[in-house]
2 protein chains.
Amino acid sequence: MAAAAPPPPPSPTPDVISEDLLPTGYNVFSRIRLATIVDVPHIHKLIHQMAVFERLTHLFSATESSLSSTLFPENSPPPFTSFTVFLLEVSQTPFPLIDQNYPNFTPIHKTVNLDLPITDPQAESFRSCGNDVVVAGFVLFFPNYSTFLAKPGFYIEDIFVRECYRRKGFGKMLLSAVAAQAAKMGYGRVEWVVLDWNVNAIKFYEEMGAQVMQEWRVCRLTGDALQAFANV
Amino acid sequence: MAAAAPPPPPSPTPDVISEDLLPTGYNVFSRIRLATIVDVPHIHKLIHQMAVFERLTHLFSATESSLSSTLFPENSPPPFTSFTVFLLEVSQTPFPLIDQNYPNFTPIHKTVNLDLPITDPQAESFRSCGNDVVVAGFVLFFPNYSTFLAKPGFYIEDIFVRECYRRKGFGKMLLSAVAAQAAKMGYGRVEWVVLDWNVNAIKFYEEMGAQVMQEWRVCRLTGDALQAFANV
């Protein structure tokens, strides 16, 4: 229940004060920030939930240790030049306005006003730094390259919002954060893949202006086939 | 015509000398090496030929200058940590065995024996360093990341062999070079995309052990839609 806003205080008579001062619902304060190595346990749990949603748990073999060493190696390159994770956090109370701990990226803050409070049954296991801050989702992305544009872009490997936080604009907020970073860096594209049966996601992506490319198929060489082909 | 092997010398009587000494065809010497900034004019022409083949010239806007600044920026990161190009070169004569100019990657050499010489109508415009060395193709790739494996991999953005060099094993040689580098670095996957109507390519990829993933669709946010969404 940590991410649910408290009930609003008793309202004064509507015609006495101006409408924009009225507490008309439940505020959820949200923040997107760069993840660090201390966030790996949360990232690991989020990736596992995503594997469950995508019906792909048979392909899931990540551990906290393997995520730490590959996402946050010693002498990591700067964010955005390699694998980069944005975390979405939510809180019942406002985040501090000055985020001094994240020098490479100014966190994005947004207050979402909801008609009903959010019930988060997993709040305890997703508690983040701060009293009632909870991790609600993430996006993992890295640079890709278009030879036709002769420009880098970003490829989004994963974007995930935990179930109780969906349909509230947080997915759009995560995608928009990556798009904004791409635009800021003069990059040409943001790309990702979607499962063809995930019609809600496809609708969401098309509404935001993305093209869903029907002609392309992803090819993958992995496991024994990769090893065998490497020795050709 | 530079890449076409000269006709073989008159053969001695077959039953006089052992078969493996017989010049039974035309040797084409090939080499895969890391590209450098001086190769950009060739890379630019190859990308354009690929756009023609893929019927996507309306999306082609790369220039030599934009390729140089994005593929080979000042203070480039080491090869394989970012955008990386392998060039395929062919020659009528053997390449020097010691490739002192390419310290980050030991070039791969292979001699291909063909029944017929190759006629290369574009040899002049694809001449590379060395007397009769011609650029025949390239592969551009960069690291990607699998959260399920918690491992990096390589994503191949482009693989292209000029028309007169196709169906001789060079495409496989380029792919294998990337797979070998991935295996050497302990990476989990090599991935790329293929157009669903390119049945020859799909057959080739499946024969080499790659999975063609039918369920996934590529989504792309670019141009005005990217800018608009970045400002949400």
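Here is how names work: the chains are called A, B, and so on, in the same order as the sequence lines, proteins then strands, and each is numbered from 1. Because the structure is a prediction, the values reported are computed rather than measured.
- For Ser91(B) (side chain) and Pro94(B) (main-chain N/O), no donor-acceptor pair under 3.5 Å exists by modelled atom type.
- Neither the backbone nor the side chain of Phe141(B) comes within less than 4.5 Å of any heavy atom of chain A.
- For Gln181(A), no part lies near chain B; criterion is any non-hydrogen pair under 4.5 Å.
- Ser82(B) does not touch chain A: none of its heavy atoms, backbone or side chain, sits under 4.5 Å away.
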List the steps, then state whether side-chain contact (heavy atoms from CB on, under 4.5 Å) holds for Tyr26(B) with Asp115(B). CA-CA 6 Å; Tyr26(B) 299 83; Asp115(B) 291 337; over 6 Å; no
After noting the C-alpha distance and the side-chain angles of Ile32(A) and Leu87(A), does the key distance pass the side-chain contact (heavy atoms from CB on, under 4.5 Å) rule? CA-CA 6 Å; Ile32(A) 290 175; Leu87(A) 269 199; over 6 Å; no
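- Ranking Glu191(A), Arg189(A), Gln214(A), His44(A) against chain B, the residue ahead of the rest is Arg189(A), based on heavy-atom pairs under 4.5 Å.
- Looking at Thr70(A), its side chain never comes within 3.5 Å of a backbone N or O of Ser68(A) through a donor-acceptor pair.
- Figure legend: Arg166(A) and Phe53(A) shown as a cation-pi pair, the cationic atom lying under 6.0 angstrom from the six-membered ring centre and within 45 degrees of its axis.
- Of the possible donor and acceptor atoms, none in the side chain of Asp39(A) sits under 3.5 Å from a partner among the backbone N and O of His42(A).
- Contacts from residues 215-225 of chain B to chain A, taken as heavy-atom pairs separated by less than 4.5 Å, involve Glu215(B), Trp216(B), Arg217(B), Val218(B), Cys219(B), Arg220(B), Leu221(B), Thr222(B), Gly223(B), Ala225(B) in sequence order.
- Between the side chain of His109(B) and the backbone N or O of Phe95(B), no donor-acceptor pair lies under 3.5 Å.
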Please evaluate residues Ser125(B) and Gln122(B) with respect to the criterion side-chain contact (heavy atoms from CB on, under 4.5 Å), reporting the C-alpha separation (whole Å), side-chain torsions for both, the decisive distance (0.1 Å), and the verdict. CA-CA 6 Å; Ser125(B) 47; Gln122(B) 298 174 313; 4.0 Å; yes
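- Along residues 154-164 of chain B, the residues that come nearer than 4.5 angstrom to chain A, judged on non-hydrogen atoms, are Glu157(B), Asp158(B) in order of number.
- Put simply, CH2 on Trp192(A) and CG on Asn144(A) are 11.5 Å apart, with the number rounded to the nearest 0.5 Å.
- The closest donor-acceptor contact from the side chain of Ser66(A) to the backbone of Ala150(B) lies at 3.5 Å or more, if one exists at all.
- To the nearest 0.5 Å, the span separating CZ on Phe204(B) from CG on Asn200(B) amounts to 11.0 Å.
- Considering only heavy-atom pairs separated by less than 4.5 Å from chain A, the leading option among Leu59(B), Thr147(B), Leu67(B), Leu140(B) is Thr147(B).
- Proximity to chain B (any heavy atom under 4.5 Å) is restricted, for Phe83(A), to the side chain, taken from C-beta onward.
- Using a 4.5 Å cut-off between heavy atoms, Asn198(A) makes no contact with chain B at all.
- With chain A as partner, the option from Ile47(B), Val212(B), Leu195(B) having the largest number of non-hydrogen pairs under 4.5 angstrom is Leu195(B).
- Among the candidates Lys110(A), Arg127(A), Arg31(A), the single residue satisfying the salt bridge (Lys or Arg N to Asp or Glu O under 4.0 Å) test with Glu89(A) is Arg31(A).
- A 4.5 Å side-chain heavy-atom check between Lys45(B) and Gln49(B) finds every atom pair outside the cut-off.
- For the options Phe142(B), Tyr187(B), Tyr145(B), heavy-atom pairs under 4.5 Å to chain A are most numerous at Tyr145(B).
- Proximity of Pro79(A) to Phe105(A): side-chain heavy atoms (C-beta onward) are nowhere separated by under 4.5 Å.
- Of the atoms belonging to Ile202(B), not a single heavy atom falls under 4.5 Å from chain A.
- Looking only at heavy-atom pairs under 4.5 Å with chain B, the residue among Asp196(A), Leu175(A), Leu226(A), Thr81(A) that has the most is Asp196(A).
- Residue with the most contacts toward chain A among Lys151(B), His48(B), Glu54(B): Glu54(B) (heavy-atom pairs, distance under 4.5 Å).
- Taking Ile43(B), Thr63(B), Val178(B), Leu71(B) one by one and counting their heavy-atom pairs under 4.5 Å with chain A, the maximum is reached by Leu71(B).
- Put simply, the side chain of Val135(A) reaches to within 4.5 Å of the side chain of Leu46(A), judged on heavy atoms.
- Looking at heavy atoms from C-beta onward, Val133(A) lies out of side-chain contact with Phe29(A) at the 4.5 angstrom threshold.
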